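Comments concern the structure below.
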Amino acid sequence: MEALLQLAEMIKGEGGLLAAALRGAPVGEASAAARLMARGPRTESRQDEYALIVEAIHEGSLLHYGCSRLLEAGDRDLELLAGDRLYALGLERLVALGDLEAIAELADVISLVAVAHGQGDDDAADAAWEAGATAVGWGSSPLHAQAKAQAGTGRPGGAQALRAAAETLRAGSAPAPGRYPV
């Protein structure tokens with residue numbers, strides 16, 4: 001929740017339409033993606049910064065496809081622009097950290113979530129967040145790349161492949177050959 005509050009303060013500090021649309025207090029809690037990513041060995045030395053980054057991008061996603069925890073815009077166009085601004089804010093902060101791997105992973109999350117929502121598949125969108133947050137926290141793998149490719153085409157089994165790849169990354173084990181459909 002601390003990262004959400006920090007994000008709200010950043011928006012407030014920028015002023016303008018987004019600051020005017022801020023709720024009095026965030027609704028809900030920290031995203032599962034931010035909590036998951038913060039447990040990973042790649043991010044342990046900068047957990048707070050990565051949590052803020054993931055929350056910014058997740059909030060951007062919520063503005064595009066769900067219900068914002070921070071903003072009450074009341075205008076669909078403003079919500080889309082706010083979502084784009086928060087995507088950019090998160091990616092900009094990753095650039096400042098020099099974490100090219102995380103930039104690629106979270107850009108892929110944005111793309112995979114768009115594909116999933118375009119197909120009306122909330123489960124695949126959630127799986128994209130889980131897999132992306134895991135890859136930021138633990139690093140990627142060939143299995144993870146295969147799962148993203150499968151999910152990106154919208155073929156059946158994409159959500160399951162993303163979750164299996166994420167579990168494998170978190171467990172630090174090598175994937176069983178042929179276990180996951182591609």
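All figures in this text were calculated on a predicted structure; none of them were measured in a lab.
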Which residues pass the side chain to side chain contact (heavy atoms under 4.5 Å, CB included) test with [X], sequence neighbours left out?
| X | result |
| --- | --- |
| Asp122 | His117 |
| Ile110 | Ile57, Tyr87, Leu91 |
| Gln119 | Val115 |

Notebook entry, point to check: Transitively linked via ILVMFWY side-chain contacts under 4.5 Å: Ile103 with Val136?
Noted result: yes
Out of curiosity, [X] [atom1] to [Y] [atom2], how far, rounded to the nearest 0.5 Å?
| X | Y | atom1 | atom2 | value |
| --- | --- | --- | --- | --- |
| Glu59 | His64 | CD | NE2 | 11.0 Å |
| Ser61 | Leu86 | OG | CG | 11.0 Å |
| Leu70 | Glu9 | CG | CD | 10.5 Å |

Checklist line | Test salt bridge (charged side-chain N to carboxylate O under 4.0 Å, His left out) applied to Asp108 - qualifying residues, sequence neighbours left out | finding: Lys148
Item checked: Partner set under salt bridge (charged side-chain N to carboxylate O under 4.0 Å, His left out) for Glu92, not counting sequence neighbours -> none
side-chain hydrogen bond (donor to acceptor under 3.5 Å, both in side chains) partners of [X], counting only residues at least two apart:
| X | result |
| --- | --- |
| Glu14 | Arg85 |
| Asp48 | none |
| Ser31 | Glu55 |

Next item on the list: Tell me who clusters with Leu80, hydrophobic residues only, linked when side chains sit under 4.5 Å apart either directly or through other members.
Entry: none
Item checked: Hydrophobic cluster partners of Leu81 (side-chain heavy atoms under 4.5 Å) -> none
Checklist line | Test item: Gln47 side-chain N/O and Gly40 main-chain N/O as donor-acceptor pair under 3.5 Å | finding: no
Notebook entry, point to check: Does anything in residues 129-140 pair up under salt bridge (Lys or Arg N to Asp or Glu O under 4.0 Å), and if so which pairs, sequence neighbours excluded?
Noted result: Glu130-Arg163, Glu130-Arg170
Donor-acceptor contacts, no H, no angles, side chain residues 17-24, under 3.5 Å, sequence neighbours left out:
| unit_1 | atom_1 | unit_2 | atom_2 | d |
| --- | --- | --- | --- | --- |
| Arg23 | NE | Ser68 | O | 3.4 |
| Arg23 | NH2 | Ser68 | O | 3.1 |

